[in-house]
Trainee: 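Structure provided below as structure tokens; questions to follow.
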Number of protein chains: 2
Amino acid sequence: MATTTRKRSSKKEEILKTAARMFREKGYAGTSMRDLAEKIGIEAASLYNHIHSKSEILEEIIFSIARDCREQLDNMDPAGTSLQKIESLIRFHTKMMIDHFESYSVMVSEWMHLDEEKLGEFVSERRRYVKKIESIVQQGIDNKEFKPVLPYVVVLNILSSVRGLEFWQKSAKTHSAEIMEENMVQHLIGGLKL
Amino acid sequence: MATTTRKRSSKKEEILKTAARMFREKGYAGTSMRDLAEKIGIEAASLYNHIHSKSEILEEIIFSIARDCREQLDNMDPAGTSLQKIESLIRFHTKMMIDHFESYSVMVSEWMHLDEEKLGEFVSERRRYVKKIESIVQQGIDNKEFKPVLPYVVVLNILSSVRGLEFWQKSAKTHSAEIMEENMVQHLIGGLKL
DNA sequence: CCTACCGATCGGTAGG
DNA sequence: CCTACCGATCGGTAGG
């Protein structure tokens, strides 16, 4: 019984991981259940012993990584300067993108294929998330820590720049993850400092 | 005869424009020729009197906007400081994203669905494009106009941030295009200045 | 986990 | 520009 459960969940994990890799490469709509099954080495019909539907796979990938991001922001040290907070956010997202490359990419590029209910949930979660970071930037401006740039643009640029690391990953890694992170901070925080 | 040609090409334009809108919303793989035909008000089979294949539509959308970007960079005033050049590039891309919203979005998000030959062409064109901008950043660093941030990261961040404007467009436009452009420059150039 | 199969839909063609 | 249609493939189910 315990063995069965363990087996099942590890198989499900394998499906999710393989699906994330394929969704990132060919997109959600461009990946068929037969492609996915073949990569895993089973028949397409057998996938349904572990998952309920194709859309469930997408949901699990996206909401799992979204939860990690949300929790990190909620548990952020409320002490510290706005600059420290934004810097730690840039470092966190850069690490997430690099360490959870496949699922992070799927989240930022394939969320629009969630079905209606889950799509609404994701969009409103993301809006809340962006608003929270915007308010940190706004505090920094009010504090005179930052120059007066629209917080909305700053947050958009930071999150978009992290997304752009997908392209770095795909090519030969001429720079280490640490150097990339350091330069992300330098460029994106630099444009904020007075 | 002239009338026929005019009619044909305007119909093709309508197909390309409608396709760009749909590819951006649902992705290339998620858009069917029947969806596209219905939006235009004809039968799917009739599309093929104006275009040869679905992939040809994607190619025309992507390479048309890619050409605009390439030409702008090639025709850039070689005088001026590195700072002026990078600033003008940020302004140009921001304007392109806003003015040619649909096709620019399709280029940056759907290029991986080009078929093998065109994909190779696009990737090597883009690599050349990025390298050229990197060398402008490098000159600025050598000049002591810019602080020493990895040019590769700077270019990635600029182009990714412009891409992120897709998300701005979709929501209510609380800020004008001019204000967005100004803030893009402030934040992204700001992180570069000494 | 498989075989066998479902109805729906895909990109595209023939022929008018 | 349409009707009629092609073979291939889609997500998913039944039954073992």
Side-chain angles (χ1 to χ4, degrees), chain A residues 1 3-23 25-62 106 110 112-119, chain B residues 1 3-23 25-62 106 110 112-119:
Chain A
M1 183 72 162
T3 308
T4 306
T5 309
R6 222 181 302 127
K7 265 188 191 164
R8 283 203 170 217
S9 73
S10 84
K11 198 67 177 184
K12 183 167 179 179
E13 283 308 309
E14 188 187 353
I15 291 171
L16 293 178
K17 209 182 152 184
T18 308
R21 215 174 62 229
M22 299 183 76
F23 289 172
E25 278 170 12
K26 298 133 84 76
Y28 175 74
T31 304
S32 75
M33 294 302 270
R34 281 161 181 81
D35 291 342
L36 174 57
E38 196 188 4
K39 217 72 149 188
I40 292 173
I42 58 178
E43 291 300 315
S46 304
L47 289 170
Y48 293 89
N49 287 303
H50 304 283
I51 49 100
H52 298 103
S53 65
K54 190 185 180 188
S55 61
E56 190 203 42
I57 299 178
L58 184 65
E59 287 159 20
E60 296 222 15
I61 293 168
I62 288 180
V106 168
E110 304 296 325
M112 62 286 280
H113 295 107
L114 289 166
D115 47 47
E116 205 172 10
E117 182 201 340
K118 295 293 178 176
L119 178 64
Chain B
M1 181 70 162
T3 308
T4 307
T5 307
R6 223 183 300 126
K7 266 188 190 165
R8 283 202 170 219
S9 72
S10 83
K11 198 67 176 182
K12 184 167 177 178
E13 284 308 310
E14 187 187 353
I15 291 171
L16 294 178
K17 211 182 150 183
T18 307
R21 215 175 61 228
M22 299 183 76
F23 289 172
E25 278 170 11
K26 298 134 82 78
Y28 175 74
T31 303
S32 75
M33 294 302 270
R34 281 160 181 83
D35 292 341
L36 174 57
E38 196 188 3
K39 216 72 150 188
I40 291 172
I42 58 177
E43 292 300 315
S46 304
L47 289 170
Y48 294 89
N49 288 302
H50 305 283
I51 48 99
H52 298 103
S53 64
K54 190 186 181 187
S55 62
E56 191 205 42
I57 299 177
L58 184 65
E59 287 160 19
E60 295 222 16
I61 292 169
I62 288 179
V106 169
E110 304 296 326
M112 63 284 280
H113 295 107
L114 290 166
D115 46 47
E116 205 172 10
E117 182 201 340
K118 295 292 177 175
L119 178 63

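Source: prediction; values computed, not measured. Proteins come first, then strands; the chains are lettered A, B, ... in the order of their sequence lines, and each starts at number 1.
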Trainee: Any residue in residues 27-35 of chain B with a heavy atom nearer than 4.0 angstrom to DNA chain C? Just list them by number, or reply none.
Mentor: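 Nucleic-acid contacts, sorted: Thr31(B), Ser32(B), Met33(B), Arg34(B).
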Trainee: Sequence neighbours left out, what passes side chain to side chain donor-acceptor pair (under 3.5 Å) with Thr18(B)? Give chain and number order.
Mentor: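 Applying side chain to side chain donor-acceptor pair (under 3.5 Å) to Thr18(B) gives none.
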Trainee: Write down the atom of Ile57(B), the atom of Ala19(B), and the distance for their closest heavy-atom approach.
Mentor: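 Answer, listing the atom of Ile57(B) first, then Ala19(B): CG2-CB, 3.5 Å.
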Trainee: Between Thr31(A) and Glu25(A), is there a side-chain heavy-atom distance shorter than 4.5 Å?
Mentor: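 Not in contact.
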Trainee: Residues from residues 39-46 of chain A sitting under 4.0 Å of DNA chain C, heavy atoms only?
Mentor: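 Nucleic-acid contacts, sorted: Ile42(A), Glu43(A), Ala45(A), Ser46(A).
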Trainee: Sequence neighbours excluded, which residues qualify as ring-ring contact (aromatic ring centres under 6.0 Å, His included) partners of Tyr28(B)?
Mentor: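 Expected list: Phe23(B), His113(B).
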Trainee: Could you tell me which residues satisfy side chain to side chain contact (heavy atoms under 4.5 Å, CB included) with Ala37(A), sequence neighbours excluded, listed by chain and number?
Mentor: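 Checked Ala37(A) against side chain to side chain contact (heavy atoms under 4.5 Å, CB included); matches are Ile42(A), Ala44(A), Leu47(A).
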Trainee: Expected output check: what is the dot-bracket annotation of DNA chain C, where ( ) and [ ] are pairs inside the strand (brackets for crossing ones), | is paired with another strand, and pairs are Watson-Crick or G-U under 3.5 Å?
Mentor: ||||||||||||||||
Trainee: So do Leu58(B) and Asp115(B) actually touch side chain to side chain, heavy atoms under 4.5 Å?
Mentor: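 No, too far: nothing below the 4.5 Å cut-off.
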Trainee: If we only count heavy atoms from C-beta on, is the His50(A) to Ile40(A) side-chain gap below 4.5 Å?
Mentor: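 No. Closest side-chain heavy atoms not under 4.5 Å.
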Trainee: Sequence neighbours excluded, which residues qualify as side chain to side chain donor-acceptor pair (under 3.5 Å) partners of Ser46(A)?
Mentor: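 None.
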Trainee: Kindly write out the residues that satisfy salt bridge (Lys or Arg N to Asp or Glu O under 4.0 Å) with Glu14(B), not counting sequence neighbours, or none if the list is empty.
Mentor: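 Glu14(B): salt bridge (Lys or Arg N to Asp or Glu O under 4.0 Å) contacts with Lys11(B).
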Trainee: Applying salt bridge (Lys or Arg N to Asp or Glu O under 4.0 Å), which residue pairs with at least one partner in residues 38-62 of chain B are found, sequence neighbours left out?
Mentor: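 Those involving residues 38-62 of chain B are Lys12(B)-Glu60(B).
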Trainee: Where does the chain A footprint on DNA chain D start and end, counting 5' to 3' with a 4.0 Å heavy-atom cut-off?
Mentor: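 That gives a stretch of dC10(D) to dT13(D).
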Trainee: Can you check whether Val106(B) reaches Arg21(B) side chain to side chain, under 4.5 Å on heavy atoms?
Mentor: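 Heavy-atom side-chain distance check fails, nothing below 4.5 Å.
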Trainee: Write down the atom of Leu119(A), the atom of Met112(A), and the distance for their closest heavy-atom approach.
Mentor: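 For Leu119(A) and Met112(A), the tightest heavy-atom pair comes out as CD1-CA, 4.0 Å.
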